[in-house]
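Inspection log for the structure reproduced underneath, given as structure tokens.
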Amino acid sequence: AQSVTQLGSHVSVSEGALVLLRCNYSSSVPPYLFWYVQYPNQGLQLLLKYTSAATLVKGINGFEAEFKKSETSFHLTKPSAHMSDAAEYFCAVRDSSASKIIFGSGTRLSIRP
Amino acid sequence: DTEVTQTPKHLVMGMTNKKSLKCEQHMGHRAMYWYKQKAKKPPELMFVYSYEKLSINESVPSRFSPECPNSSLLNLHLHALQPEDSALYLCASSQEAERGARERQFFGPGTRLTVL
């Protein structure tokens, strides 16, 4: 069965600091991986997706993620945090049924001034 | 138009009420989804419609009844809900169901439901 594990339910960084949100996956099929962001009282917005074309994936708002098969990881990074990055971030993987995605438990990112 | 809209934004209902949530997209997507999200939790898939037919029902109680009247609309009919059903209900769409699992799902802003 496919699954994702997000390490750390809450991450806090200073404005301008590196953002690193961790995600490890388990998949019996070639994985399709996603990062979604959810701002307070809003729906989810796709940040980026991995679909085997390139291991380093660039997304919106300066975020990127690197697929590392040897580590079964797909960590999300941003070089310099901005106050507007404060939100909930979900890593997700395609289910083996191929018709749905499975979300991780989420990581809340807080930005300190 | 790359938007999924949902109405109402907020809904408060009693346990004996009947209400409906509505979702609409005009991107030509043929797969539409209902998710339930409790506070501080990830979204949980409830239903998937593919080409206007129900393709996935994640063992959702019958007090939730989905309906897809056409390719642009998705409804969720609610009847005899319980207070624990209070949550954010998210609608999403994708070009096709399998592509939504490997490309992208577009999410609406959600309906925040409170059951008294």
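No experiment lies behind these values; they were computed from the predicted model shown. The chains referred to below are lettered A, B, ... by the order of the sequence lines, with proteins before strands, and numbering in each begins at 1.
Heavy atoms closer than 4.5 Å to chain B are found nowhere in A:Glu88, neither backbone nor side chain. Interface remark: A:Gln45 contributes no atoms to any contact with chain B (heavy atom separation under 4.5 Å). Heavy atoms closer than 4.5 Å to chain A are found in both the backbone and the side chain of B:Gln105. Only the side chain of A:Tyr36 has a heavy atom closer than 4.5 Å to any heavy atom of chain B. Proximity to chain A is absent for every atom of B:Glu44, based on heavy atoms less than 4.5 angstrom apart.
Separation of the B:Phe64 and B:Phe47 ring centroids does not fall under the 6.0 Å cut-off.
For the set A:Leu46, A:Val93, A:Leu44, the entry with the most heavy-atom pairs within less than 4.5 Å of chain B is A:Leu44.
A:Ser110 and A:His10 share a donor-acceptor pair across their side chains, judged by distance under 3.5 Å alone.
Listed here is the closest heavy atom pair of A:Arg22 and A:His75: CA-ND1, 3.3 Å.
Between the side chain of A:Thr51 and the backbone N or O of A:Tyr32 there is no donor-acceptor pair closer than 3.5 Å. When atom types are taken as modelled, the side chain of B:Gln25 and the backbone of B:Ser71 share a donor-acceptor pair closer than 3.5 angstrom.
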